[in-house]
A.B. asks: 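Here's a structure for you.
We count ligands from 1, going down the list as the structure has it; atoms in each ligand are counted the same way.
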Amino acid sequence: MSSDNLTAILYGIEDIRLEQRPIPNIKDDQVLLRMDSIGICGSDVHYLVHGRIGEFILQKPMVMGHESSGVVHKVGKSVTHLKVGDRVAIEPGVPCRYCENCKQGKYNLCPGMIFCATPPVDGNLTRYYAHAADFCFKLPDHVTMEEGSLLEPLSVGIHACRRANIGLGTKVLILGAGPIGLSVLISALSMGAGGIIITDILDERLKLAKELGATHTLIVSRDLKEEDLVKKVHDILGTAPDVSIDCSGLEATNRLALLATKSAGCVVIVGCGPPDVKIPLISALTREIDIRGVFRYCNDYPAALALVSSGKINVKKMMTHHFDMEETKKAFDTARYNRDGAIKVIIHCTPRDENNPKPF
Ligand code: 572
Ligand code: ZN
């Protein structure tokens, strides 16, 4: 085995370094992975720029990355479902398995969750990485390593749509056409949504949303009045949405979601924005709107993999940029400044395509 374990480490604000780290030892229930593809998430960029997300503060150097795939290099003694050479998608959060939330099947809410690249836990933007084997999902031969890494944001999309109970004919408003908004879009389509309007401030993102199957798009700008936006959504969709899913996490989008949704509908808010927001709560309550949160995902990787491997969902269009690991800083700049229409930027810790299905 090569002793090269080049690793991308965040030392502090605006300070990513590529350094060698020791290759980790594995526990009996773990596998050692030769890492392949890692997508850059908004949270990675946020830690780089701000050094914190809410109460999660970078207090010591942390390895970046949590949207990943790799190839099994070694298996722990008690691992039975994986073997050396298996290509896997890595679910990056491993819960305690013993708390009440874990026992009730809501392991995403486990207070003891160990989640990659969330301080103080290291991520997996590295060449070799040890992970719980049962949080690794074997990829069928025809699924690429990049697609494997995109199962992570796709799982967020699936979880949000499951929380919203999207089904046949559901009319959906999605706020934000970044990677999570687009993941929600393709998940909602696969679940039978009948009419989807998606908003963003960037036209190029909406163009991609249209290509991915959005029925309608709406460009928003700060100078548009809230009630005018609500009216536009209703006019374009032909009715009020049954469900609104906010993937922007801004006060303005929280508000628009609540105001636009039909009575007895559901508003799902993904991720986090400012800790305190001013929302039209009474209007929402007196119209019996269900407001639901989304925290990452839980038991959603299998569905994400099934959708990608069956061809029902195409995540390839979301991957806009590819970089080798040595170009990590450039990759982060591209993601951070949305350079050249960047949506999902992928870093390759193994040369691109080395582990991918070969064309016939
Ligand atoms: O891919 C999962 C994911 N989750 C995000 C952000 C990015 N990627 N969340 C938003 C931030 N929260 S948090 O609770 N936190 C920093 C742990 O504020 C987690 C979910
Ligand atoms: Zn993420």
A.B. asks: Can you check the angle at the Zn ion (ligand 2) formed by SG of C41 and NE2 of H66? Round it to the nearest 10°.
C.D. replies: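 Between SG of C41 and NE2 of H66, the angle at the Zn ion (ligand 2) is about 110°.
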A.B. asks: Is the closest N or O pair between Y47 and ligand 1 shorter than 3.5 Å?
C.D. replies: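 So ligand 1 has no N or O lying under 3.5 Å from an N or O of Y47.
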A.B. asks: Where does the angle between the aromatic ring planes of F115 and Y297 fall among parallel (under 30°), tilted (30 to 60°) and perpendicular (over 60°)?
C.D. replies: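 Geometry flag for Y297 against F115: tilted rings.
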A.B. asks: Take the angle between the ring planes of F135 and H131 and call it parallel below 30°, perpendicular above 60°, tilted in between.
C.D. replies: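 Taking H131 first and then F135, their aromatic rings stand perpendicular (interplane angle over 60°).
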A.B. asks: Under the 6.0 Å and 45° cation-pi test, does R34 pair with Y128?
C.D. replies: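 Verdict for Y128: a cation-pi partner in R34.
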A.B. asks: Of all the atoms in ligand 1, which lie at a distance below 4.0 Å from a heavy atom belonging to E152?
C.D. replies: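 The list of qualifying atoms is 1 (O), 2 (C).
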A.B. asks: Using a strict 4.0 Å cut-off to heavy atoms of T118, name the atoms of ligand 1 that fall inside it.
C.D. replies: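 Within the 4.0 Å cut-off of T118, ligand 1 contributes 17 (C).
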A.B. asks: Give a yes/no on ligand 1: does E55 have at least one heavy atom closer than 4.0 angstrom to it?
C.D. replies: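 No; E55 lies far enough from ligand 1 that no heavy-atom distance drops under 4.0 Å.
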A.B. asks: Should the pair R127-E19 be classified as a salt bridge under the 4.0 Å nitrogen-to-oxygen rule?
C.D. replies: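 The answer is no: the pair does not qualify as a salt bridge.
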A.B. asks: Would you mind checking if D235 and K231 are paired as a salt bridge, meaning a charged N to carboxylate O distance below 4.0 Å?
C.D. replies: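 Yes, charged N to carboxylate O under 4.0 Å.
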A.B. asks: Considering only heavy atoms of I53, which atoms of ligand 1 have at least one such atom less than 4.0 Å away?
C.D. replies: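 Matching atoms, with element in brackets: 16 (C), 18 (O).
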A.B. asks: Between ligand 1 and C41, can you find any atom pair, the residue atom being a heavy atom, that is separated by under 4.0 Å?
C.D. replies: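 Within the 4.0 Å threshold, so yes.
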A.B. asks: Assess whether a salt bridge exists between R97 and D134, defined as any Lys/Arg side-chain N lying under 4.0 Å from an Asp/Glu carboxylate O.
C.D. replies: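 Yes, R97 and D134 are salt-bridged.
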